[in-house]
Amino acid sequence: MPEKPYDHIQIELKWHTRWENADFYKAEENSAKPKFYVLEMLPYPSGTLHIGHIRNYSIGDALARYKWMRGYNVLHPMGWDAFGLPAENAAIANKVPPREWTLQNIAAMKKTHRRFAFSYDWDREVSTCEPNYYRWNQWFFLKMLERGLAYRKRALVNWCPKCATVLANEQVVEGCCWRHEDTPVEQRALEQWFLKITDYADQLLADMAQLEGGWPERVLTMQRNWIGRSEGAEIDFKLASTIQPIRVFTTRVDTIYGATCVILAPEHPLNEQILTADQQASAKAMVDARAGRDPGDIAKEGFFTGHFAVNPFSGEQVPIWVGNFVLMGYGTGAIMAVPAHDERDFEFCRKYGIAVRPVIRPVDGALGVEPGLKEAFPDDGIVENSGQWSGIASEEARRQMAAYAEQHGFGKAAVTFRIKDWGISRQRYWGTPIPVIHCPTCGVVPVPDEQLPVILPEQIAITGAGRSPLENVPSFVNVACPKCGEPAKRETDTMDTFIDSSWYFYRYCDPHNDRQPFDPAKIEYWFEIDQYIGGVEHAILHLIYSRFFTKVMRDLGLIKNSEPARRLFTQGMVIAEGAKMSKSKGNVVGADMLAEKFGADTARMFVLFAAPPEKEVDWRFEGAEGIYRFLGRVYRFVTRNLGGAGGSGASDRQVRRKLHQTIEKLTVDFETRWHFNTCIAGIMELMNVLYAEEANISAAAIQEVAEKLALMLAPFAPYLSQEIWEELGREGPVFRQAWPAFDPELAKEDEAEIVVQVNGKLRARISVPFGTPKEELERLALADERVQVHIAGKQVKKIITVPDKLVNIVVG
RNA sequence: GGGGCUGUGGCGGAAUUGGCAGACGCACCAGAUUUAGGUUCUGGCGUUCGAGAGGACGUAAGGGUUCAAGUCCCUUCAGCCCCACCA
């Protein structure tokens with residue numbers, strides 16, 4: 001026997017992912033029980049394995065194997081095949097990337113783009129370089145363009161002057177560029193492509209009812225807040241001096257008689273018309289000062305424009321101000337300030353000496369005592385000092401006043417969403433090229449279908465100049481307009497890679513289709529997804545985007561379901577030294593080390609053993625050895641006992657009982673809560689019993705135990721269980737076998753152990769046959785010596801008895 | 001500022017509905033095997049009093065409900081996450 005007998009079945013983790021993908025997770029269309037499990041784990045093409053991914057993968061893989069053994073048809077899509085990449089396993093195994101240029105460039109980009117901080121993005125973005133996949137991204141984009149769901153407009157973006165590049169919001173750290181911590185980020189207006197996710201805001205919200213119960217409440221709440229629907233009214237305040245009225249959004253039109261000024265966002269378009277040059281400069285300074293900063297740290301500031309607007313209800317002239325706390329991105333970018341009934345307005349107006357005028361009386365209180373105190377901001381109440389509306393309850397007043405505004409043409413009831421349209425333009429080299437051509441005469445022209453996909457040029461220079469590097473590739477940019485044939489320019493922006501992840505699971509169902517994104521019939525077979533597994537960090541990004549895409553695809557007639565996934569499981573993040581593990585923090589733990597030292601079985605089992613899957617786990621290396629030891633114990637036990645004469649059989653009954661108890665425990669856990677750490681602990685307990693009783697187990701019992709062990713370990717340690725399976729002389733993949741059944745009779749203990757308490761404290765234990773009557777239990781408990789000691793000289797007041805479990809004697 | 005989650009030994013964590021707190025593993029200690037180390041096997045391992053049998057205390061802190069609370073309720077503290085001037 002070799003010194004470390006388990007070592008020869010240790011296989012590299014990376015190889016493992018391919019091996020599995022190739023052979024065992026192909027869908028079987030004829031299965032009686034179609035089930036679909038999507039995992040967010042894709043195999044890595046390079047040597048970098050992130051421990052967080054091992055976790056995600058191990059959880060999903062254990063479930064997939066279990067479900068398979070339970071007779072489900074499991075689609076366990078593993079990435080590359082779905083994107084039509086060269087599927088040769090050997091290429092991956094030998095760490096030869098499928099497209100070398102891609103990876104080289106990614107390595108270069110890695111140095112300048114923070115997006116790589118997210119391991120999840122890594123595989124997504126690699127996949128994005130594949131024409132076979134982004135062809136269908138482009139197809140979708142053009143379909144959306146046709147329907148007005150994709151559009152182009154000028155928008156403000158973060159800009160770092162030192163990098164000379166656009167930054168995503170996440171790349172702005174405390175108002176400065178993440179790479180230049182002393183360089184404040186500026187706002188620049190650039191032409192950007194957007195998808196109209198706001199058209200679906202109501203549906204995204206309403207359809208959450210279908211997800212109730214299947215998705216974690218926390219994720220639904222986050223999405224609800226993110227979408228942020230609020231009902232209110234839009235009201236026009238006419239300017240005395242110009243033609244264009246200021247439209248404000250308010251949820252409290254009932255307070256409009258208390259509006260003592262109108263405040264514009266510093267970026268408000270009207271500012272260009274009404275502000276002096278100096279004022280415009282101050283407004284711009286406000287915008288710059290605000291970028292990326294913690295709003296709590298910014299004092300409210302503003303200035304009077306010198307102009308006035310008319311309150312259409314009261315006819316009063318109110319001053320127009322510009323305020324840094326008014327957001328252009330929400331509502332209309334202008335508000336009416338009602339300082340008596342809004343804390344923010346109050347803070348602003350008090351600072352600048354603007355009048356405070358209460359108009360809402362609490363139902364059981366007086367009007368506006370000491371404005372500014374918390375109590376002085378009643379939510380709803382009775383409208384006062386408001387002309388014909390005085391005396392009406394807030395809610396009713398809101399309804400009536402909105403209707404009145406609409407009748408008289410100066411406003412209407414309106415719903416505003418917090419969610420904004422999805423800006424998908426990226427000035428990055430890679431990503432799916434946006435398939436349009438800009439023609440000087442025809443305008444924006446879609447790339448005709450037969451010219452798809454638009455492919456990225458391979459030889460490019462990463463300039464870091466802040467414009468897409470594609471602009472410097474004349475062969476890519478200079479094209480003929482498909483409409484008029486005259487010289488035109490190709491769009492150089494690429495798509496956000498969240499596009500790719502928004503529908504990848506549909507593509508998984510039909511990965512090699514080259515005529516359409518997928519065959520709708522196949523989607524109908526597999527969808528909705530029964531169980532989706534992913535990190536909670538995607539609650540409002542990926543998980544909203546993919547819901548949006550699903551609805552768009554449904555409206556395109558491609559699919560029938562409105563939601564992608566019926567159930568969502570959010571696994572906890574992997575934390576290192578108290579901080580979220582990310583490449584930018586440099587605290588990423590590679591799993592390679594773990595896999596190389598102990599092998600794939602140990603690596604995956606260890607991350608499952610560390611904590612239940614929904615829990616955050618602080619990563620530490622110690623402890624992996626325990627799993628390695630355990631697997632060695634299993635292997636040694638099986639190999640040294642199989643084929644032997646066996647022991648007396650005196651412990652068979654006990655061993656069988658433990659075995660069936662263990663199977664029961666695992667089965668229940670897999671069916672309910674996926675606490676794999678306790679599953680593994682259960683198997684360890686079984687092993688401890690086996691070691692203790694080893695000499696007294698018959699050959700037949702050994703055989704049974706070894707077989708069931710292999711089956712139970714299959715979801716967690718596939719290699720070892722396969723090895724045992726073959727040691728047993730059995731053939732084929734072990735997880736093609738049925739999950740072992742447990743016999744409740746065998747699992748049952750012979751006798752019930754009764755806990756005897758006196759005044760709630762444990763004093764004795766007695767063994768009795770199951771079903772012993774209450775009176776008998778009480779008699780036995782009272783008779784126990786140790787109980788006697790504690791009740792001696794005291795009066796027994798009460799006895800609580802739980803059959804087969806507990807007797808509690810209350811004495812006084 | 002708003003919303004949510006979590007607090008159990010030296011550490012990761014068990015305890016399914018209120019019913020034996022600390023399963024399982026790590027670390028540590030001791031013993032066996034070994035020339036030694038490593039490996040492997042066996043045993044110990046919350047705090048404290050006691051020679052021992054055994055007792056007392058103990059699940060962030062305080063209070064409550066209950067025969068019985070890690071678990072339910074209230075208050076406080078600490079940590080983490082998400083959103084954040086959303087009119």
Side-chain angles (χ1 to χ4, degrees), chain A residues 3-5 216-219 221-222 224-226 228-230 232 248-253 255 263 290 294-300 323-327 329-338 341-345 347-348 416-419 536-537 539-540 572-573 575 578-580 606 609-612 614-627 629-630 632-633 636 665 668-669 672-673 675 677-685 687-688 691-692 753-765 786 789-790 797-802 805-811:
Chain A
E3 196 178 61
K4 289 185 181 177
E217 200 45 53
R218 178 156 74 120
V219 172
T221 304
M222 281 165 76
R224 238 173 245 123
N225 294 340
W226 186 259
R229 181 181 203 274
S230 51
V248 303
F249 174 77
T250 179
T251 54
R252 295 297 304 272
V253 67
T255 65
I263 310 176
R290 189 167 66 184
D294 185 341
D297 296 348
I298 305 173
K300 287 186 178 48
N324 65 346
F325 71 103
V326 179
L327 304 174
Y330 183 77
T332 59
I335 63 163
M336 59 176 206
V338 185
H341 301 297
D342 182 285
E343 283 187 76
R344 292 156 306 178
D345 295 349
E347 193 187 329
F348 186 84
T416 290
F417 292 94
R418 184 188 170 282
I419 193 170
V536 70
E537 65 272 18
I540 48 173
M573 286 184 298
I575 308 269
K580 190 198 294 185
F606 175 53
F609 187 61
E614 72 277 11
K615 210 183 143 143
E616 255 176 22
V617 52
D618 197 349
W619 174 255
R620 54 190 68 240
F621 204 77
E622 305 89 45
E625 219 158 306
I627 297 292
R629 264 201 290 264
F630 163 71
R633 269 162 79 84
R636 281 191 301 275
K665 180 184 173 41
V668 169
D669 267 0
T672 56
R673 47 177 210 166
H675 279 201
N677 54 333
T678 57
C679 290
I680 294 166
I683 306 176
M684 285 173 168
E685 276 184 60
M687 276 321 294
N688 289 345
Y691 264 64
E753 191 183 53
I754 306 293
V755 170
V756 184
Q757 297 176 331
V758 178
N759 285 347
K761 287 193 177 170
L762 173 72
R763 296 303 178 191
R765 286 162 225 261
R786 299 190 43 220
V789 174
H790 287 95
K797 283 184 172 168
K798 199 177 184 183
I799 301 179
I800 285 100
T801 308
V802 183
K805 244 183 175 175
L806 168 136
V807 177
N808 188 11
I809 301 162
V810 186
V811 296

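By convention in this document, chain letters (A, B, ...) are assigned in the order of the sequence lines, proteins followed by strands, and residues within each chain are numbered from 1.
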Rounded interatomic separation in angstrom, taking [atom1] from [X] and [atom2] from [N]:
{"X": "A:Lys798", "N": "B:U66", "atom1": "NZ", "atom2": "P", "answer": "10 Å"}
{"X": "A:Ile800", "N": "B:C67", "atom1": "CD1", "atom2": "C1'", "answer": "3 Å"}
{"X": "A:Gln757", "N": "B:C67", "atom1": "CD", "atom2": "C1'", "answer": "9 Å"}
{"X": "A:Ile335", "N": "B:C85", "atom1": "CD1", "atom2": "P", "answer": "13 Å"}
{"X": "A:Met222", "N": "B:G4", "atom1": "CE", "atom2": "C1'", "answer": "9 Å"}
{"X": "A:Leu762", "N": "B:G54", "atom1": "CG", "atom2": "C1'", "answer": "13 Å"}
{"X": "A:Arg636", "N": "B:U40", "atom1": "CZ", "atom2": "C1'", "answer": "7 Å"}
{"X": "A:Asp342", "N": "B:C85", "atom1": "CG", "atom2": "C1'", "answer": "9 Å"}

At their closest point, which heavy atom of A:Asn759 faces which heavy atom of A:Val810, and how far apart are they?
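Answer, listing the atom of A:Asn759 first, then A:Val810: OD1-CA, 3.3 Å.
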Select base, sugar-phosphate, or nothing to describe what [X] touches, counting heavy atoms under 4.0 Å on all strands.
{"X": "A:Asp345", "answer": "nothing"}
{"X": "A:Lys300", "answer": "base"}
{"X": "A:Arg218", "answer": "sugar-phosphate"}
{"X": "A:Glu217", "answer": "nothing"}
{"X": "A:Phe630", "answer": "nothing"}
{"X": "A:Arg224", "answer": "nothing"}
{"X": "A:Glu347", "answer": "nothing"}
{"X": "A:Val326", "answer": "base"}

Base-pairing assignment for B:G12 (Watson-Crick or G-U wobble, both under 3.5 Å):
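The answer is B:C24, by the H-bond criterion.
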Using Watson-Crick or G-U wobble geometry with both distances below 3.5 Å, tell me the partner of B:U33, or none.
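Answer to the pairing question: none, since B:U33 forms no Watson-Crick or G-U pair.
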Work out how far the [atom1] atom of [N] is from that of [M], and round it to whole angstrom.
{"N": "B:G43", "M": "B:G25", "atom1": "P", "value": "11 Å"}
{"N": "B:A21", "M": "B:A69", "atom1": "C1'", "value": "11 Å"}
{"N": "B:G9", "M": "B:G70", "atom1": "C1'", "value": "14 Å"}
{"N": "B:A84", "M": "B:A15", "atom1": "P", "value": "36 Å"}
{"N": "B:G22", "M": "B:A27", "atom1": "P", "value": "22 Å"}

Nearest to the A:Arg763 side chain among B:A87, B:G55, B:G3, which nucleotide is it?
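Nearest to the side-chain atoms of A:Arg763, counting from C-beta on, is B:G55.
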Of the nucleotides B:C67, B:A87, B:U42, which has the atom closest to the A:Val810 side chain?
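Nearest to the side-chain atoms of A:Val810, counting from C-beta on, is B:C67.
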Please determine whether a side-chain nitrogen or oxygen atom of [X] lies at a distance below 4.0 Å from atom OP1 or OP2 of [N].
{"X": "A:Asn688", "N": "B:G25", "value": "yes"}
{"X": "A:His790", "N": "B:G55", "value": "yes"}
{"X": "A:Arg418", "N": "B:C85", "value": "no"}
{"X": "A:Arg786", "N": "B:A53", "value": "no"}

Hey, could you give me the NZ/CG distance between A:Lys665 and A:Asp669, rounded to the nearest 0.5 Å?
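So the NZ of A:Lys665 and the CG of A:Asp669 are separated by 4.5 Å.
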Just wondering, more than 12 heavy atoms not from A:Arg633 lying within 6.0 Å of its CZ?
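Counting neighbours around CZ of A:Arg633, more than 12 heavy atoms of other residues, nucleotides or ligands fall under 6.0 Å, so yes.
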Would you kindly compare A:Leu806 and A:Glu625 by the position of their nearest RNA chain B nucleotide and give the one closer to the 5′ end?
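Between the two, 5'-proximity favours A:Leu806.
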B/S/- contact track for nucleotides 12-18 of chain B, protein heavy atom under 4.0 Å
BSSS---
Can you tell if the side chain of A:Val338 reaches within under 4.5 Å of the side chain of A:Thr250, non-hydrogen atoms only?
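They are not in side-chain contact.
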A:Phe325 six-ring face occupied by A:Lys300 cation (under 6.0 Å, within 45°):
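The answer is yes; both the distance and angle limits are met.
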